[in-house]
Amino acid sequence: MTSGLLAVIVVRHGVLPAGAVEAIAEAGGYAILIGTNPDVATAGIKGGVRLITIATSNVRLRDLAQTLAEVRDVVDAHGLILPASPDGRDLAPLLATTLARPMHAASTFVQVDRVVGVHTSGRVGREFMTPQAFVATLVPGVRGVTAHEHDTEFVDLPPVTTHGSSVVTSVEVLPPDPATMDLAEASTILGGGLGLGSKERFDQLGRVAAGLGASVGGTRVASDAGWIPFERQIGTTGVAVKPSIYVAFGISGATQHTSGLGDPEHVISVNLDSTCPMMAMSDVAIVSDAKAVLDALEVRLRD
């Protein structure tokens, strides 16, 4: 490929990030998958696509930017599209700086000659013409790509009609499942950090959260380690949340995490370090091993 659009997808442990398939579709099916076990991730992509995989031993984004800057397909592409996932949002400015290109963040529509962006208020912004090669991030969910297909799929549901009028009958309204609902809308969140120490402990955190009717979130360290999905990462490079209750297990309270918490009505922190920032900002600070507290909670919820 010597021109046009190219999707750049960061892969961790063979898992595609949120919005990856949409970014590939927006680029016309041309994509580079870079990171750990990218070949595994190709199984989740179908349709008429051309994929280039670059396997790396780690996912240090500055190193990835340097590596990509030496790839001919990247250099020749007029527009580079990254999904606005945590890694995509972080890599895009690094890649734009390395390649000396302008960047268009939070785009809803990307073509070779123009990009439509979004205002910080969430409303669609003005259109940008792109005569110069550029880097853009695409907001997940705006292009309507389904079922991991390259071609956009539209499903038309016929309306129910009565006496010539379209009507909608509400059969039942179900509350959202805390385990799968958008973390930004969750009212109660149990967050985990480095202090939990393993994927198994985050699975346990999920069971405790389910018993309490809460959602699960975590720090960037946890998502980088693969203990939680990237869309459950809270902070400046993840999701901004606004819970009524936030319970932090083994979280020290780095600014990049706490800045994404909004202003919870109640904060409870469990940590062995009584002086860490997370404990200082808590209404209730429990000086204890977070893993031991989780064990006790799980036993109590089973009783």
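Heads up: numbering here begins at 1 and tracks the sequence.
- Taking 4.5 Å as the limit, every side-chain heavy atom of Thr188 sits out of range of all side-chain heavy atoms of Pro243.
- At a threshold of 4.5 Å between non-hydrogen side-chain atoms, the residues Val110 and His104 do not count as touching.
- Pro178 and Ser215 get closest at one heavy-atom pair: O-OG, 2.7 Å.
- Taking both residues in full, the closest heavy atoms of Ile251 and Ser269 are given as O-OG, 4.5 Å, listed atom of the first, atom of the second, then distance.
- Using modelled atom types, no side-chain atom of Asp283 and backbone atom of Ile268 make a donor-acceptor pair closer than 3.5 Å.
- Considering only heavy atoms from C-beta on, Leu294 stays 4.5 Å or farther from Glu298 through its side chain.
- When every heavy atom of Val115 is checked against every heavy atom of Ser107, the shortest pair comes out as CG1-OG, 3.2 Å.
- The distance from atom CD of Glu231 to atom CD of Gln233, rounded to the nearest 0.5 Å, is 10.5 Å.
- Inter-residue side-chain proximity for Leu183 and Ile234 is flagged as met; some heavy-atom pair is nearer than 4.5 Å.
- The aromatic rings of His257 and Tyr246 are tilted relative to each other, their planes meeting at an angle between 30° and 60°.
- Tested against Ile24 for a side-chain contact (heavy atoms from CB on, under 4.5 Å), the candidates Leu138, Ile45, Leu6 yield a single pass: Ile45.
- Counting heavy atoms from C-beta on, the side chains of Leu95 and Met103 never come closer than 4.5 Å.
- Hydrophobic clustering of Ile, Leu, Val, Met, Phe, Trp and Tyr side chains at less than 4.5 Å, counting indirect connections, unites Leu205 with Val293.
- Hydrophobic clustering (ILVMFWY, side-chain heavy atoms < 4.5 Å, transitive): Leu80 and Ile52 are in one cluster.
- In terms of modelled atom types and a separation under 3.5 Å, the side chain of Arg89 and the main chain of Gly238 share a donor-acceptor contact.
- Rounded to the nearest 0.5 angstrom, Arg207 CZ and Leu297 CG are separated by 12.5 Å.
- Distance check: Leu82 CG to Ile32 CD1 gives 10.5 Å after rounding to the nearest 0.5 Å.
- Of the possible polar contacts, none joining the Ser259 side chain to the Gly235 backbone as a donor-acceptor pair under 3.5 Å is found.
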Please test Val11 against Asn37 for side-chain contact (heavy atoms from CB on, under 4.5 Å), starting from the C-alpha separation and ending with a verdict. CA-CA 7 Å; Val11 177; Asn37 301 324; 5.7 Å; no

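- Taking 4.5 Å as the limit, every side-chain heavy atom of Val221 sits out of range of all side-chain heavy atoms of Asp224.
- Although no hydrogens or angles enter the test, the distance criterion places a donor-acceptor pair under 3.5 Å between the side chain of Ser85 and the main chain of Gly88.
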Phe134/Gln132 under side-chain contact (heavy atoms from CB on, under 4.5 Å): CA gap, chis, key distance, verdict: CA-CA 6 Å; Phe134 64 91; Gln132 181 182 351; over 6 Å; no

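- Judged purely by atom type and a 3.5 angstrom limit, Thr130 uses its side chain to pair as donor or acceptor with the backbone of Arg114.
- Note: the hydrophobic cluster containing Leu91 also contains Leu99 (ILVMFWY, side chain heavy atoms under 4.5 Å, direct or indirect links).
- By the criterion of side-chain heavy atoms lying less than 4.5 angstrom apart, applied directly or through intervening Ile, Leu, Val, Met, Phe, Trp or Tyr residues, Phe249 is grouped together with Leu212 in one hydrophobic cluster.
- Residue Ile228 holds its CD1 atom at 10.0 Å from CG of Leu196, rounded to the nearest 0.5 Å.
- Annotation for Ser252 and Pro277: closest pair O-CD, 3.1 Å, computed over non-hydrogen atoms.
- No donor-acceptor pair under 3.5 Å is formed between the side chain of Arg50 and the backbone N or O of Tyr30.
- A heavy-atom distance below 4.5 Å is not found between the side chains of Thr36 and Asn58.
- Open room surrounds CG on Asp263; 12 or fewer heavy atoms of other groups in view lie less than 6.0 Å from it.
- Remark: Leu16 CG to Ile9 CD1 distance equals 7.5 Å, nearest 0.5 Å.
- Minimum heavy-atom separation, Asp289 to Leu272: N-CD2, 3.5 Å.
- Residues Asn271 and Met279 approach most closely at O-CE, 3.6 Å, considering heavy atoms.
- In this structure, the side chains of Asp273 and Met278 stay at 4.5 Å or more apart for every pair of heavy atoms.
- Open room surrounds CZ on Arg62; 12 or fewer heavy atoms of other groups in view lie less than 6.0 Å from it.
- Arg220 CZ to Leu194 CG: the interatomic distance, rounded to the nearest 0.5 Å, is 14.5 Å.
- Hydrophobic clustering (ILVMFWY, side-chain heavy atoms < 4.5 Å, transitive): Val241 and Val247 are in distinct clusters.
- For Lys291 and Asp295, the salt-bridge test fails: no basic side-chain N is under 4.0 Å from an acidic carboxylate O.
- A donor-acceptor pair under 3.5 Å is absent between the side-chain atoms of His266 and the main chain of Ser244, judged by distance alone.
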